[in-house]
K.L.:
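Here it is: the structure, laid out below.
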Amino acid sequence: MGIIGKGTYTFSCPKCKAQEKRPVLEHRSTYGGSWGSPPGFSQFSVQWGDNQLGEPSPTSAVCVKCRVPADIRSS
């Protein structure tokens with residue numbers, strides 16, 4: 001099946017300037033669309049909200065190195 005939706009999340013640490021960017025994809029199935037599991041991040045500890053109907057969204061992200069809350073951008 002194909003990809004029908006895509007959201008991209010960018011996490012940035014205001015202290016050490018670490019940055020990671022990952023997509024979250026919505027896949028088409030016989031029954032409609034479903035969002036895949038949020039991607040893993042190596043430089044940030046990310047907690048995701050449980051949004052059953054839409055795109056997953058992060059509820060918090062913390063830099064693993066600095067333990068500082070990350071800046072979160074989505075597109």
Side-chain angles (χ1 to χ4, degrees):
M1 305 293 169
I3 295 170
I4 58 175
K6 179 181 175 183
T8 302
Y9 288 94
T10 304
F11 299 89
S12 304
C13 177
K15 185 174 180 181
C16 73
K17 307 301 183 205
Q19 187 174 41
E20 272 188 279
K21 181 178 181 178
R22 299 275 191 280
V24 178
L25 305 174
E26 182 181 18
H27 298 275
R28 179 185 316 249
S29 71
T30 310
Y31 304 104
S34 64
W35 287 93
S37 297
F41 290 84
S42 60
Q43 298 181 68
F44 297 92
S45 175
V46 181
Q47 300 297 314
W48 295 88
D50 187 21
N51 185 348
Q52 297 289 330
L53 302 175
E55 178 181 334
S57 60
T59 56
S60 70
V62 175
C63 178
V64 172
K65 180 181 174 184
C66 302
R67 301 187 191 272
V68 173
D71 294 328
I72 303 169
R73 287 183 293 145
S74 65
S75 60

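All residue numbers refer to positions in the sequence shown, counting from 1.
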K.L.:
Under 3.5 Å, side chain of Thr59 to main-chain N/O of Gln47, donor-acceptor pair present?
P.N.:
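Checking the backbone N and O of Gln47 against the side chain of Thr59, a donor-acceptor pair under 3.5 Å is found.
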K.L.:
So which atom in Cys13 and which in Cys66 form the shortest heavy-atom distance, rounded to 0.1 Å?
P.N.:
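Here Cys13 and Cys66 meet closest at SG-SG, 4.0 Å.
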K.L.:
When rounded to the nearest 0.5 angstrom, what distance separates OG in Ser12 from CD in Gln19?
P.N.:
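So the OG of Ser12 and the CD of Gln19 are separated by 4.0 Å.
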K.L.:
How long is the span from the NZ atom in Lys17 to the SG atom in Cys63, to the nearest 0.5 Å?
P.N.:
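The SG atom of Cys63 is 11.0 Å from NZ of Lys17, to the nearest 0.5 Å.
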K.L.:
A cation-pi test, strictly: NZ or CZ of Arg73 under 6.0 Å from the centre of the six-membered ring of Tyr9 and no more than 45 degrees from its axis. Yes or no?
P.N.:
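Geometry flag: not set, cation outside 6.0 Å or 45°.
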K.L.:
Find the distance between OG (Ser60) and CZ (Phe44) and round it off to the nearest 0.5 Å.
P.N.:
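One gets 12.5 Å once the value is rounded to the nearest 0.5 Å.
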K.L.:
To check you understand the geometry: which heavy-atom pair defines the closest contact between Ser45 and Val64, and what is its length?
P.N.:
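Closest approach of Ser45 to Val64, heavy atoms only: N-CG2, 3.8 Å.
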K.L.:
Of all the heavy-atom pairs spanning Val68 and Lys15, show the shortest one and how long it is.
P.N.:
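For Val68 versus Lys15, the nearest heavy atoms are CG2-CD, 4.0 Å.
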K.L.:
What is the minimum heavy-atom distance between Ser57 and Trp48, and which atoms define it?
P.N.:
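Of all heavy-atom pairs spanning Ser57 and Trp48, the closest is C-CE3, 3.4 Å.
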K.L.:
Do Val46 and Ile72 belong to the same hydrophobic cluster, where Ile, Leu, Val, Met, Phe, Trp and Tyr are linked whenever their side-chain heavy atoms lie under 4.5 Å apart, directly or via other members?
P.N.:
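As far as the 4.5 Å side-chain criterion goes, Ile72 and Val46 are connected within one cluster.
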K.L.:
Can you tell me how far the OG atom of Ser74 sits from the NZ atom of Lys21, to the nearest 0.5 Å?
P.N.:
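Reported value, rounded in 0.5 Å steps: 11.5 Å.
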K.L.:
If only atom types and distance count, is the side chain of Glu20 paired as donor or acceptor with the main-chain N or O of Ser42 below 3.5 Å?
P.N.:
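Yes.
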